[in-house]
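We count ligands from 1, going down the list as the structure has it; atoms in each ligand are counted the same way. The figures that follow rest on heavy atoms only: side chains count, while hydrogens, waters and symmetry mates do not.
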Amino acid sequence: MDNDVLRQAPLFSSLDDEAASALGSSMSETRLRRGDVLFHEGDSGDRLYVVTEGKVKVGRSSSDGRENLLAIMGPGQMFGELSLFDPGPRSATVTAVTDVTFASLSHDDLLKWLDGRPLVARGLLSQLAARLRKSNDVVADLVFSDVPGRVAKALLDLADRFGRTADDGVHVHHDLTQEELAQLVGASRETVNKALADFASRGWLRLEPRSVVIMDIERLGKRAR
Ligand code: CMP
């Protein structure tokens, strides 16, 4: 298991090396292929996961089959804690968007681990608070921003987490189809495609399959505001 990646997760951030490797070795490894579902919204669940390699999408579906993506998570990011702190079924479906590896811990083991470790509990609370903040931003953007603004913001968020700076711009290999990008932004594929084509025609970015090269991050940032 990749300890350097695990250490980025909030569960590990306050631990010294010894405690981190003890916790790491009590976790088990799970692998999924691209497109596999780890669990569905509504399932009962008793494990928490940290992505160690690859990416997953966290989404919900409407009764008529439409999908909305709540988050894309990559290495070092954690999920599966809501059904522990607010006992109930899984609040979303988690699907691999690339081949993925996770480290996982049972909720029971996590509760034992939290006993007497207030700093670890604080790390988890801080992640929950950050997610609530982000959800508030998403709701505000759905109400106040237009689709191109939301597309620009989503691209900048993906660039922040998965981008690699090169001479010709920031290469963001997001691994999402245009349909998935649209589900992340909460708009139709056609509207999102139109916004992307408009940004490309202005020279702000270049579209590539499952990735984008951002050439003018400043203009994109202004459009996201
Ligand atoms: P749980 O409900 O156990 O299973 C689904 C997981 O998706 C949930 O725990 C969270 O870890 C994660 N999740 C749910 N909603 C969001 C969100 N808005 N942003 C990021 N992650 C989320």
Starting from the C-alpha separation in whole Å, work towards a yes-or-no answer on side chain to side chain contact (heavy atoms under 4.5 Å, CB included) for D175 and F162. CA-CA 10 Å; D175 289 296; F162 305 119; over 6 Å; no
When you look at R34 and T98, which way does the side-chain hydrogen bond (donor to acceptor under 3.5 Å, both in side chains) test go after all the steps? CA-CA 4 Å; R34 176 183 161 74; T98 62; over 6 Å; no
For R161 and I72: C-alpha separation, side-chain torsions, deciding distance, then whether side chain to side chain contact (heavy atoms under 4.5 Å, CB included) applies. CA-CA 10 Å; R161 291 180 302 128; I72 304 297; 4.1 Å; yes
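A salt bridge does not link D99 to R31: none of the charged side-chain nitrogens sits closer than 4.0 Å to a carboxylate oxygen.
Of the inter-residue distances, the one linking D46 atom CG with L84 atom CG reads 10.0 Å to the nearest 0.5 angstrom. Rounded to the nearest 0.5 angstrom, E179 CD and N193 CG are separated by 9.0 Å.
Contacts with ligand 1 closer than 4.0 Å are made by heavy atoms of both the backbone and the side chain of S91. At a heavy-atom distance under 4.0 Å, atoms from both the backbone and the side chain of L82 approach ligand 1. Here S135 has side-chain heavy atoms under 4.0 Å from ligand 1, and that is the only part of it that gets that close. Residue-level proximity to ligand 1 for R90 is carried by backbone and side chain together, each with a heavy atom below 4.0 angstrom.
Note: no N/O pair closer than 3.5 Å links M78 and ligand 1 by distance alone.
With R223 as the partner, the side-chain contact (heavy atoms from CB on, under 4.5 Å) test is satisfied by one option alone out of D216, L155, D146: D146.
Ring planes of F199 and W204: parallel class, angle under 30° (limits at 30 and 60°). Ring geometry for F102 against Y49 counts as perpendicular: the plane angle is over 60°, on a 0 to 90° scale with 30° as the lower cut.
Ligand 1 does not have K134 within reach: every non-hydrogen atom of the residue lies 4.0 Å or more from it.
Nearest non-hydrogen protein atom to atom 22 (C) of ligand 1 is V58 CG1, 4.1 Å. Ranking the protein heavy atoms by distance from atom 21 (N) of ligand 1 puts M73 CE, 3.4 Å first. The closest protein non-hydrogen atom to atom 3 (O) of ligand 1 is S83 OG, 2.6 Å. Scanning the protein heavy atoms around atom 15 (N) of ligand 1, the nearest turns out to be L70 CD1, 3.6 Å.
Near F39, meaning under 4.0 Å from one of its heavy atoms, ligand 1 places the atoms 4 (O), 5 (C). Atoms of ligand 1 lying under 4.0 Å from any heavy atom of F79, numbered from 1 in the order shown and given with element: 11 (O). Of all the atoms in ligand 1, the ones that sit under 4.0 Å from a non-hydrogen atom of A92 are 5 (C). Shown in contact with A71 at under 4.0 Å from a heavy atom are these atoms of ligand 1, numbered in order with element: 20 (C). If you number the atoms of ligand 1 from 1 as listed, the ones under 4.0 Å from a heavy atom of G80 come out as 1 (P), 3 (O), 6 (C), 8 (C), 9 (O), 10 (C), 11 (O).
Remark: the backbone N or O of A187 is not paired with any side-chain donor or acceptor of T191 at under 3.5 angstrom.
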